[in-house]
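Here the structure is laid out as structure tokens; the discussion comes afterwards.
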Amino acid sequence: MLQVEKLIKDYSTGFFGRKTRVLKEVSFSVEKGEIFGFIGPNGAGKTTTFKSILNFVSITEGKITINGKPNIDNDLKTYIGYLPESPYFYDYLTGEELLSYMGNLHGVEKDILRERIDELLEKVNMAHARKVQLRKYSKGMLQRIGVAQALINDPEFLILDEPMSGLDPIGRREIRDLILEQKKKGKTILLSSHILSDVESLCDRVGVILNGVVVKVGALSDLYREINSDYELLLNCKRADVDKVVKTENISIDERAGFIVLRFDENKKKEVVNKILESEIEMISLYPLRKSLEGIFEEEARKKEKIEN
Amino acid sequence: MLKQVQHDRYIMKKIWIIALNTFLEARRDRVLYSLILFSVIMILSSLVFSTISAEQYNKIVKDFGLTAISLFGVLMSIFLGTALVYKEIEKKTVYNIFSKPIERYQFVIGKYLGLALTLLVITLCMSVIVFLIVLYVELPNSSFIKYYYGGHYFGEFFAAVYFQYLEFLIIIGIAIVFSCFTSPVLAILLSFLLFAVGRFSADIRLFAEEVRNPIVNYFSEIIYRVIPNLEKFNIRSEAVYGGDISLSLILNTTVYALIYTAVLILLAILIFQKKEFK
Ligand SMILES: Nc1ncnc2c1ncn2[C@@H]1O[C@H](COP(=O)(O)OP(=O)(O)OP(=O)(O)O)[C@@H](O)[C@H]1O
Ligand SMILES: [Mg+2]
């Protein structure tokens, strides 16, 4: 569906047109029918990549094709739905008018448009505010209406820049269901986020962008496998008992609610667990800690440093 | 062939959709309403003079009314025109537009037409108000005015309004060009500057001829030839005192205005094409 090859983007900043390279090497592809998550910390270049794809900015180097056609072909946009990050809209329009304007720009036929507006307002739970001017919308309401306008042309390819931002937990779930529903209809979705929990329950594959470079593309499970995660082991015993059994280097020991909690990483897991099992100590539970996005980022940053040295 | 026609109609339709939205925006603009309110107050205030003498008053009220239309129309053209494109870039609403199959030139033309439509409606309304006041004052003295001044010059009055609207079309064009690359404050200043030069360009050339300095002459000649001569659109005195407004004058002035407008829109499009929506 989408191919981004060796994309480079310079922004000229300042008066004298000094250039800063915002995207250094961005390569990834999105296959038809999948949900692709584009993740990275603030300022990594997610939004800039999306703007390049949509031809809002000219690209410095590289190649972007959608369905095999270069992205500057404007007709492609008939099949694309786009949600800008923190959506700005015409605040003098009502929710309904906005959807109608956006649909008209797409050239959606009148009867179909009228039906679709009702349906979408229902879907994003904004039917009650359809006649309210957008200047009176809250941030989350704007986000919802933004998702609705992205779907106004029943697009084959959805590009959503942080679709969950500004939403309450119910809103998140609703938007997630909506995205999954689109996937079921055979649509392709590219979305960005810096919150891993959003993408992990949603995306088939992810691309990780760090500092303008896509450092990793693959299924999230593969990504996790490569990262050493921390474990917590809950024990019912006295602190002194533990000290007798395991060497405490690289292990942090805490007391929590009368239990002893050991914390260690993947490399230590086997050794520690074996020792505890051999001893008399009662083991309550062992669980992996949730891997955070920061974990992935730190890992990648560390790797990069290694290469550079 | 048929396909081409359909395609063209499709392009026009999108321009029109953008124009209508711009018109809607103007209709919900509070600043515009206060400007309109002011102009109506100014026009109505000319009623004060009606107590002086009806013979004089018919001139005063026409002159006053046309001046009010001109003044507020120019203000609205510049204030709304300089925000036209800039605001959409600044507020990032361009992302909503250009994620749809819209070409940039369609957007610029649509925005222009939207404001032109807005001003058409406003100019028509104001001129009707002025005309009603003129009728109110002149009808009781109808035979007197005909005898003494040679006529009511109603036709000339509306010709003057039409010429005035042609001037607005050029000023909106100037404003939209600036709107494509600079902030409203600067755009407003530059637009007013060009407007002033346009209104006085004939005077500037006269002045330069007096100076007899080749460099000054050279520049004044350039200004005279490049910047539209906005005095061409001023036929207020004909509307008030009568005078010859021939069909060929109307045609020539119309063509003059449309050519300038087209060039300005083209310039705006060329600038906007290159714009990055960062
Ligand atoms: N208009 C601009 N001019 C110059 N530099 C910019 C501009 N917009 C963004 N940048 C720079 O480009 C980099 C990438 O920004 P971008 O908005 O793509 O990040 P992001 O990954 O979307 O971040 P976030 O998660 O905060 O949305 C940043 O370092 C930012 O400083
Ligand atoms: Mg972003």
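The chains referred to below are lettered A, B, ... by the order of the sequence lines, with proteins before strands, and numbering in each begins at 1. Here the structure is a predicted model, which means the values were calculated and not measured.
Of residues 63-77 of chain A, those residues lying under 4.5 Å from chain B by any heavy-atom pair are A:Asn74, A:Lys77. Taking non-hydrogen atoms and a 4.5 Å limit, the residue list of residues 16-42 of chain B in contact with chain A, ordered by number, reads B:Ile17, B:Ile18, B:Asn21, B:Leu24, B:Glu25, B:Arg28, B:Arg30. Residue-level contacts of residues 85-115 of chain B with chain A, in order of numbering, are B:Glu88, B:Lys91, B:Lys92, B:Thr93, B:Tyr95, B:Asn96, B:Ile97, B:Phe98, B:Ser99, B:Lys100, B:Pro101, B:Ile102, B:Glu103, B:Arg104; threshold 4.5 Å between heavy atoms. Residues of residues 110-144 of chain A lying within less than 4.5 angstrom of chain B, judged on heavy atoms, are A:Gln133, A:Arg135 in numerical order.
None of A:Leu23, A:Val22, A:Thr60 except one satisfies the side-chain contact (heavy atoms from CB on, under 4.5 Å) rule with A:Tyr11; the exception is A:Val22. A:Lys187 pairs in a side-chain contact (heavy atoms from CB on, under 4.5 Å) with only one of the listed residues (A:Leu158, A:Asp154, A:Ile179), which is A:Asp154. If you run side-chain contact (heavy atoms from CB on, under 4.5 Å) between B:Ile172 and each of B:Leu264, B:Leu119, B:Val177, only B:Leu119 comes through.
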May I have the step-by-step check of side-chain contact (heavy atoms from CB on, under 4.5 Å) for A:Ser58 and B:Glu276, ending in yes or no? CA-CA 7 Å; A:Ser58 60; B:Glu276 300 233 309; 2.4 Å; yes

Verdict with reasoning, A:Phe36 to A:Leu191, per side-chain contact (heavy atoms from CB on, under 4.5 Å): CA-CA 6 Å; A:Phe36 189 94; A:Leu191 59 90; over 6 Å; no

Dump the intermediate steps for side-chain contact (heavy atoms from CB on, under 4.5 Å) on A:Ser192 and A:Thr47, then the final yes or no. CA-CA 8 Å; A:Ser192 79; A:Thr47 301; 5.7 Å; no

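Taking the centre of each ring, B:Tyr256 and B:Tyr260 come in below the 6.0 Å mark. The aromatic ring centres of A:Phe38 and A:Phe28 sit less than 6.0 Å apart. Remark: aromatic rings of A:Phe56 and A:Tyr82 are close, center separation under 6.0 Å. For B:Phe272 and B:Phe181, the gap between ring centers reaches or exceeds 6.0 Å.
Chain A forms the most heavy-atom pairs under 4.5 Å with one residue out of B:Lys278, B:Lys275, B:Lys13, B:Lys274, and that residue is B:Lys278. Interface summary for chain B: among A:Leu54, A:Thr48, A:Thr78, the most heavy-atom pairs under 4.5 angstrom belong to A:Thr78.
The main-chain N or O of A:Gly33 is found under 3.5 Å from a side-chain atom of A:Thr188 such that the two form a donor-acceptor pair. In this structure a side-chain-to-backbone donor-acceptor pair under 3.5 Å is present from A:Thr49 to A:Gly45.
When side chains are defined from C-beta on, B:Ile174 counts as touching B:Ile170, because their heavy atoms get closer than 4.5 Å. In this structure the side chain of B:Leu84 never reaches within 4.5 angstrom of the side chain of B:Leu80, judged on heavy atoms.
Rounding to the nearest 0.5 Å gives a distance of 13.0 Å between OG1 of B:Thr261 and CZ of B:Phe168.
Contacts of A:Leu83 with chain B are absent, with no heavy-atom separation under 4.5 Å from either backbone or side chain. Proximity to chain B is limited to the backbone of A:Asn55, based on heavy atoms less than 4.5 angstrom apart.
Closest non-hydrogen pair, B:Leu169 versus B:Ala116, comes out as CD2-CB, 3.8 Å.
For the residue pair A:Gln3 and A:Ser29, no side-chain donor N or O sits within less than 3.5 Å of a side-chain acceptor on the partner.
Remark: B:Phe158 CZ is packed, more than 12 non-hydrogen atoms of other residues, nucleotides or ligands lying under 6.0 Å away.
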